[in-house]
Number of protein chains: 2
Amino acid sequence: MSQTEMYSISELARHFEITTRTIRYYEEIGLLTPHRSEGGQRLFSKKEKARLQLVFRGKKYGFSLDEIRDMIQLFDQDPSGRQQLERTIQYGKEKIEEVSSRIEDLIQIRSEMEQYIVDFQKKLSELERDKDEYA
Amino acid sequence: MSQTEMYSISELARHFEITTRTIRYYEEIGLLTPHRSEGGQRLFSKKEKARLQLVFRGKKYGFSLDEIRDMIQLFDQDPSGRQQLERTIQYGKEKIEEVSSRIEDLIQIRSEMEQYIVDFQKKLSELERDKDEYA
DNA sequence: CTTGAACTTGACGTTAACGTTAATGGTAAA
DNA sequence: TTTACCATTAACGTTAACGTCAAGTTCAAG
């Protein structure tokens with residue numbers, strides 16, 4: 001039991017719809033640390049798969065791979081010392097603040113875009129009204 | 001009156017804490033279209049300044065300069081024809097959906113991070129408790 | 001045991017988003 | 001008008017995040 005199923009590099013690539021090159025690159029810069037088979041081929045555990053998932057989410061929302069690595073190391077190393085725990089909590093709270101700030105900005109952007117749409121729709125309905133008056 | 005105050009390239013750069021190179025680059029790729037002085041030097045109006053602001057907000061949240069240019073052109077050209085208005089509204093709604101989706105994802109990320117923090121804090125307080133038991 | 005697909009490590013290529021430098025021209029103050 | 005600074009274009013340099021290719025290795029199927 002608990003044979004912790006492993007994925008090959010191409011299985012993982014197919015699953016996330018990326019190339020194997022990307023995965024190797026992520027290993028190069030320290031985002032992943034897969035195990036190896038006897039022959040030296042990469043074997044990815046579920047944990048590595050989850051990491052990769054994290055990377056993609058981070059990427060999609062403006063974080064650089066460097067920042068992502070920091071955050072992954074933060075939440076991945078399972079700190080046990082008291083000092084380490086406190087530092088992690090502190091750093092984590094800061095990161096949460098960053099994310100919150102991004103959320104607020106995006107909400108701001110959205111509401112501005114919505115205002116544009118409202119204005120355009122008003123213009124459009126005025127056009128329709130004018131057309132009717134000629135009829 | 002209404003002397004529509006103008007900014008030089010370095011004034012603008014200082015204001016946004018970027019280099020003049022960046023501003024010239026943004027003009028190169030069509031994000032800005034400043035006026036020129038007699039001698040050929042760039043003069044930026046308030047409108048251009050506002051555009052730049054938009055660019056930075058877009059950048060900060062994962063949009064490429066290409067996407068940003070599309071969005072700026074969209075909301076900047078003040079469409080007047082009925083067809084054009086309808087297209088703009090349609091495209092705008094799509095963009096709003098994209099932004100909304102990003103917001104939701106970020107909220108998801110945040111709540112996961114918060115969960116980590118909660119767990120770490122629990123661990124920390126257990127450590128404190130154990131320490132007390134020894135006292 | 002062979003074959004072919006999948007894998008490995010280099011190493012060089014590419015694109016976006018600027019940085020940097022050079023050679024030159026414009027401008028405001030003394 | 002000269003000084004000092006700010007501006008211009010053109011061109012080459014840089015970094016992140018991969019793409020692509022070559023030359024060889026491992027693995028699973030028959």
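Reminder, nothing fancy here: chain letters follow the sequence lines and each chain counts from 1. Bear in mind that the values here come from a model prediction, so they are computed numbers and not experimental data.
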Next item on the list: Tell me whether the OP1 or OP2 atom of C:dT9 has a side-chain N or O from A:Arg36 closer than 4.0 Å.
Entry: yes

Check: Which part of the nucleic acid does B:Ile29 contact within heavy-atom distance under 4.0 Å: base, sugar-phosphate only, or nothing?
Finding: nothing

Note to self: Tell me if the CD atom of A:Glu17 is crowded by more than 12 foreign heavy atoms within 6.0 Å.
What the structure shows: no

Checklist line | Atom pair distance, as rounded to whole Å: NZ in A:Lys59 and P in D:dA16 | finding: 14 Å

Notebook entry, point to check: Hey, does the side chain of A:Ser37 come within less than 4.0 Å of D:dC27's phosphate (OP1/OP2), counting only N and O?
Noted result: yes

Notebook entry, point to check: Thinking salt bridges, do A:Glu86 and A:Arg82 make one under a 4.0 Å N-O criterion?
Noted result: yes

Checklist line | Distance in angstrom units between A:Glu28 CD and D:dT15 C1', rounded | finding: 14 Å

Item checked: d(CZ, A:Arg21; P, D:dC21) in whole Å -> 14 Å

Margin query: Once hydrogens and angles are ignored, does a donor-acceptor distance under 3.5 Å link the base of D:dT9 to the side chain of B:Arg24?
Written below: no

Item checked: Residue B:Gln41, side-chain heavy atoms: nucleotide from C:dG25, C:dC18, D:dA17 that is nearest -> C:dG25

Item checked: Audit row: A:Glu94, A:Gln90, side-chain hydrogen bond (donor to acceptor under 3.5 Å, both in side chains) steps and yes/no -> CA-CA 6 Å; A:Glu94 284 167 21; A:Gln90 178 56 32; 3.2 Å; yes

Margin query: Reading DNA chain C from 5' onward, which residue's closest nucleotide shows up sooner: B:Glu38 or B:Ser64?
Written below: B:Ser64

Check: Taking OP1 and OP2 of C:dA17, is either one under 4.0 Å from a side-chain nitrogen or oxygen of B:Tyr26?
Finding: no

Check: For the pair made of CD1 in A:Ile18 and P in D:dG19, what is the distance, rounded to whole Å?
Finding: 9 Å

Next item on the list: Could you check B:Ser10 against B:Arg14 for side-chain contact (heavy atoms from CB on, under 4.5 Å), going step by step and ending with a plain yes or no?
Entry: CA-CA 6 Å; B:Ser10 58; B:Arg14 212 174 308 125; 3.8 Å; yes

Next item on the list: Go through A:Arg87 and A:Gln84 one step at a time and tell me if the side-chain hydrogen bond (donor to acceptor under 3.5 Å, both in side chains) criterion holds.
Entry: CA-CA 5 Å; A:Arg87 263 201 302 274; A:Gln84 182 61 16; 3.0 Å; yes

Check: Roughly, in whole Å, what's the span from CG in B:Leu12 to P in D:dT8?
Finding: 12 Å

Note to self: Nearest whole Å is fine: how far is C:dC7 C1' from A:Ile23 CD1?
What the structure shows: 13 Å

Notebook entry, point to check: From D:dG19, D:dC27, D:dA7, pick the nucleotide closest to the side chain of B:Ser8?
Noted result: D:dA7

Next item on the list: May I ask you to evaluate whether A:Arg42 reaches the phosphate of C:dT8, defined as a side-chain N or O under 4.0 Å from OP1 or OP2?
Entry: yes

Margin query: Checking contacts here: which listed nucleotide (C:dC7, D:dT8, C:dC18) is nearest the side-chain heavy atoms of B:Ile9?
Written below: D:dT8

Next item on the list: Would you classify A:Thr19 as touching base, sugar-phosphate or nothing, given that sugar-phosphate means primed atoms plus P, OP1 and OP2, and contacts are heavy atoms under 4.0 Å?
Entry: sugar-phosphate

Next item on the list: Among D:dT20, C:dT8, D:dA17, find the nucleotide with the atom closest to the side chain of A:Tyr25.
Entry: D:dA17

Check: What nucleotide among D:dA17, D:dA7, D:dT20 has an atom nearest to a side-chain atom of B:Ser10?
Finding: D:dA7

Margin query: Between P on C:dA5 and CD on A:Glu11, what's the gap in Å once rounded to a whole number?
Written below: 17 Å

Notebook entry, point to check: In whole Å, what is the span from the CG atom of A:Leu31 to the C1' atom of D:dA17?
Noted result: 11 Å

Next item on the list: Ignoring hydrogens and angles, state whether a donor on the side chain of A:Ser100 or B:Arg110 is under 3.5 Å from an acceptor on the partner side chain.
Entry: yes

Notebook entry, point to check: With respect to the phosphate group of D:dG19, does any side-chain polar atom (N or O) of A:Thr22 fall under 4.0 Å of OP1 or OP2?
Noted result: yes

